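Just so you know, these numbers come straight off a predicted model, no measurement behind them.
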Amino acid sequence: MASDFVERFMFNTENTLDIFYIQNLKKKPTETFREYTTCWRSEAAKVRPPLEEEQMSKFFVSAQDPQYYERLMVIENHKFSNIIKLGERIEKGIKSGMLTNVEALQATIKAL
């Protein structure tokens, strides 16, 4: 009886991902930008209906935190690989102190 149930409702065992899921995937503080993009892209490949390269780039940019979004939105119509390269440069700039981390600045303002 249990096997009949599983066979009949097998379509419910795998939920397909949608655009809303990948838009809510955020970078973890412990992840590098490249690790995050690899994870994000692998999840985006599971979305049904499949995304085109241009759509994928736009959804990726819109899912970013403010310090990345404001800089990446300029090239959201470019190839995904170009967005990754710029994102890594932004990350390097934030770590070296050449770029301002918006979240850290907001936290400081709130603390004051």
Between V47 and Y21, is a side-chain contact (heavy atoms from CB on, under 4.5 Å) present by the stated rule, with each step listed? CA-CA 9 Å; V47 170; Y21 173 74; 5.9 Å; no
Do L51 and I19 pass the side-chain contact (heavy atoms from CB on, under 4.5 Å) test, and can you show the C-alpha distance, the side-chain angles, and the key distance before you say yes or no? CA-CA 9 Å; L51 298 172; I19 294 168; 4.2 Å; yes
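- Residue S57 comes nearest to H78 through the heavy atom pair OG-O, 3.2 Å, listed as atom of the first residue, atom of the second, then distance.
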Are T38 and E35 close enough, and set up right, to give a side-chain contact (heavy atoms from CB on, under 4.5 Å), and what steps lead you there? CA-CA 5 Å; T38 303; E35 291 170 341; 5.8 Å; no
If you look only at distance, which donor and acceptor atoms sit under 3.5 Å apart when one is on a side chain in residues 86-99 and the other is two or more places apart or in another chain?
unit_1 : atom_1 : unit_2 : atom_2 : d
E88    : OE1    : R34    : NH2    : 3.2
E88    : OE2    : R34    : NE     : 2.6
E88    : OE2    : R34    : NH2    : 3.2
E91    : OE1    : F33    : N      : 3.3
E91    : OE2    : F33    : N      : 3.0
S96    : OG     : K92    : O      : 3.2
S96    : OG     : G93    : O      : 3.2

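- Under the salt bridge (Lys or Arg N to Asp or Glu O under 4.0 Å) criterion, the residue pairs touching residues 49-59 are R41-E53, E54-K58, with sequence neighbours excluded.
- Applying the salt bridge (Lys or Arg N to Asp or Glu O under 4.0 Å) test to pairs two or more places apart or on separate chains, none has a residue in residues 76-87.
- Here the side chain of T37 pairs no donor or acceptor atom with the backbone of I84 at under 3.5 angstrom.
- Taking CD of Q23 as the reference point, atom CH2 of W40 lies at 8.5 Å (rounded to 0.5 Å).
- Note that the CG atom of L72 and the CG atom of D65 stand 10.5 Å from one another [nearest 0.5 Å].
- The CD1 atom of I22 sits 11.5 Å away from atom SG of C39, with the distance rounded to the nearest 0.5 Å.
- Judged purely by atom type and a 3.5 angstrom limit, K27 has no side-chain atom pairing as donor or acceptor with the backbone of Q64.
- Aromatic ring centroids of F60 and Y36 lie under 6.0 Å apart.
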Walk me through it: do F59 and F20 pass the test side-chain contact (heavy atoms from CB on, under 4.5 Å)? CA-CA 9 Å; F59 286 123; F20 302 111; over 6 Å; no
